Number of protein chains: 2
Amino acid sequence: MGSAMNAHQHRERRTSVENELAFNVDRSSPVPLYYQVIQGVESAIRSGTLRPGCLLDSERKLATMLNLSLPTMRKAMDELVLSGRLVRKRGVGTQVASHSTSPLVLSSLYEELASSGKKPTTTVLSFIRQEADRDTLTKLQLSPGSGVYHFTRLRLAEGSPVALMENWVRDDLMTLKPEMLSSDGLYAVLRQGGVTFRLASQRIGASLTSACESSLLENEVGSPLITMERTVSDDAGQMIETGRHVYLADSYSFEMTLVQR
Amino acid sequence: MGSAMNAHQHRERRTSVENELAFNVDRSSPVPLYYQVIQGVESAIRSGTLRPGCLLDSERKLATMLNLSLPTMRKAMDELVLSGRLVRKRGVGTQVASHSTSPLVLSSLYEELASSGKKPTTTVLSFIRQEADRDTLTKLQLSPGSGVYHFTRLRLAEGSPVALMENWVRDDLMTLKPEMLSSDGLYAVLRQGGVTFRLASQRIGASLTSACESSLLENEVGSPLITMERTVSDDAGQMIETGRHVYLADSYSFEMTLVQR
DNA sequence: CAGTGGTCTAGACCACTGC
DNA sequence: CAGTGGTCTAGACCACTGC
C-alpha cells in the first residue's frame, strides 16, 4: 500500500524500505530491555518484515519510539552488528545485512539433522566411566586421578550412518547415562544438566575410511571422511568435553559463518 | 621466587594472583579509550603478566585506576569477555580465561603458513578478467554483465604443494594483477586495496584427489583432500569474493575457535 | 553486608556522509 | 548544515556471591 502511494518517490538513492519494528518492550519482563530489542529485530528479520538492505530508523529515533535510553538501544544494536545481522555506516544509518545467515554457533550434528527434517538417531556403541588417561587429562585440564565418561556413538540420519563419534566428558558435572545419549545430542544433554558452553576449539581435516570405520559406517574402505577434533569449555572457562568425530563426506559438510572483528 | 616466599599462604581459595595492569591510557591518542584498554589487557595476557585464572580488580577499581568512567571500562571488558579472553562471574569478579586461544578470525592460508615459519609461495596458474557467469553472479549478488577476476593458484609451503585454489573476485573494487597474487595472500592484497572484511560463510568437506588435481598437487590419486567453499562480504555487506579450495589433508587442517554467545 | 557484575538512564561532544 | 553513528561521562538501582 504505502509503496503504491509513494511510487513517484522511488528515485531516492537509499535502498531504504519501510521498517516496521512492530514490537514493544515489556518493562515488567525479567528479560533485559536490550535483549528484547535484539529478539525483536531478529524475529523481524526472520519473518521478512525487515528485509536485507533495509535501512532502519536512526538509533535515536528507535530509542524514542521504544521508550528506551540511547545507550540501551545502542547496546542492542552493538550486538546485532557484532553478530553480523546489521551493518552500520557512520553518517548514514544502519541497514539489515544483505547476507543474513545465522551466526556462528556451536553446531550440534543432532540438532542440525533434526532441524533440516532428517530424523537423527544415535546408537551408543560403548559407554564407560573411567579414570582419565594422560591425553584426556591434558585436553580437559584435569588433575591426575580425575574421572571421565568415555563413549562412542554412531549417528544416523533416516536410518543411514552419517558419523562416528568418540567423546570424553568430565564426570563431576552431572550423571550421564547411555540412555540419555541415545535419545538426544550430547550438547542438549549437557545443557539440560546445567552446563553453559562458552568456547570450542576445533580442528577439521580429512581422511580415508578404514576397514573398522567402514564396517560401522556401512561405506566403502577408502572413501572420504571429514575428521573433527573438538574441545569445549564452559562459562567459567572450565574444560567440559573433548571428542574425535568422523563424518561421511558424501552426506555431510561443515557450514559456518565467521564474523570478522 | 614469589611462590617460594608465599608457600604458606597457598591455602587461599581464590585462584587470584597479582594483576598488574601496568599500562595507562593516552587521552591524546586517536585510539578510543576502551580500545586502548582492550589492547592493554590483551598484551598483558600475551606477555604472561596476566596469567590464566588470574582474578582482575573489579571494574569499578580498574576504571578509577585508569581514570575512566565505568561504562567505558565495561565496554572494554564486554568485548574481552565476548572474544573469550576474560570470564565474568556475577558477585565474584572477572578472571582471565584459562583457555586463551586466539579468537576466530578469517583465516588466510598464506598468513598461517608464514606465521608458522613455513615459507609460503604461490604459483598463479591462470588469471583472467571476465564477465561473471550465472553461478558467480548469484554468489556475489552482482547484476548481469558485471565483471570479475577469475584465477587459480597453487599454494606451496617450503616448495611443496599444499593447496589448489580457484577464486572469483568482483572487479570494481581495485585493479588486480597476477603479480600481486604471487607475492602475497589474496586477503592481504584486498586489504591493501582498502577492503575491510566482515562476514565469511564457508563450507568445509572432504573428497578424494582426482587425476587432474594429483598432477598439480603432486600427490596420489585417491588420497584425502579437504575442500572449502567460501564467500566473503565486506563492511558494507557487499559480497567481495567467492572461492573453491582443496587442501592436502596430510599437510593441513582447519583450526578454529568458536565463541558461543 | 560489603563487594561484584548486570542493567539502565540522561545527557555530552565528536567525525563523518549527503545534500 | 542537519542527521547519523562513535565515544565518553556520572550517576542509579538491581541480583548475586561469599563471608
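Only a predicted model underlies this, so the values are computations on that prediction, with no experimental measurement involved.
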Checklist entry - Rounded to whole angstrom units, what separation is found between the OH atom of A/Y35 and the C1' atom of D/dC14? => result 20 Å
Checklist entry - Can you tell me how far P of C/dT7 sits from NZ of B/K75, to the nearest Å? => result 16 Å
Checklist entry - Could you give the CE-to-P distance, from B/M73 to D/dA10, as a whole number of Å? => result 15 Å
Next on the checklist: I need the CG-C1' distance between A/L33 and C/dT9, as an integer number of Å.
Outcome noted: 11 Å
Checklist entry - Would you say B/Q95's side chain and B/G53's backbone share a donor-acceptor pair under 3.5 angstrom? => result yes
Checklist entry - Using purine N1 to pyrimidine N3 plus N6-O4 or O6-N4 for Watson-Crick, or N1-O2 and O6-N3 for G-U wobble, both under 3.5 Å, which nucleotide pairs with C/dG18? => result D/dC1
Item to check | OP1 or OP2 of C/dG6 under 4.0 Å from side-chain N/O of B/R88 | outcome: yes
Item to check | Pairwise 5' ranking along DNA chain C for A/R27 and A/G91, keeping only the more 5' one | outcome: A/R27
Checklist entry - Just how far, in rounded Å, is C1' of D/dT4 from CG of A/L62? => result 12 Å
Checklist entry - With sugar-phosphate meaning primed atoms plus P, OP1 and OP2, does A/P71 contact a base, only sugar-phosphate, or nothing at under 4.0 Å between heavy atoms? => result base
Checklist entry - Is A/D133 salt-bridged to A/K139, going by a charged N under 4.0 Å from an acidic O? => result no
Next on the checklist: Can you measure A/R74 atom CZ to C/dA10 atom P for me and round it to whole angstrom units?
Outcome noted: 17 Å
Checklist entry - Between CG of A/L181 and CZ of A/F151, what distance do you get to the nearest 0.5 Å? => result 5.0 Å
Item to check | B/V92 side-chain proximity, nearest of D/dT4, D/dG18, C/dG18 | outcome: D/dG18
Item to check | Nearest-Å distance for atom pair CE/P, residues B/M77 and C/dG6 | outcome: 9 Å
Item to check | Backbone of B/M239 reached by a side-chain donor or acceptor of B/R170 within 3.5 Å | outcome: yes
Checklist entry - Is B/T72 near enough to D/dT9 that one of its side-chain N or O atoms lies under 4.0 angstrom from OP1 or OP2? => result yes
Checklist entry - Heavy atoms under 4.0 Å, any strand shown: does B/L70 hit a base, just sugar-phosphate, or nothing? => result nothing
Checklist outcome for this item: Whole-Å distance, A/Y34 OH to C/dT9 P, equals 13 Å
Checklist entry - Hey, which of these two, B/L68 or B/R60, hits DNA chain D nearer its 5' end, going by closest nucleotide? => result B/L68
Checklist outcome for this item: Between A/V232 and A/Y187 the two heavy atoms that sit nearest each other are CG2-OH, 3.4 Å
Next on the checklist: With a 4.0 Å limit, can you tell me whether A/S58 has a side-chain N or O closer than that to the phosphate oxygens OP1/OP2 of D/dT4?
Outcome noted: yes
Checklist entry - Quick one: is B/T94 getting a side-chain N or O under 4.0 Å of the C/dG5 phosphate, OP1 or OP2? => result yes
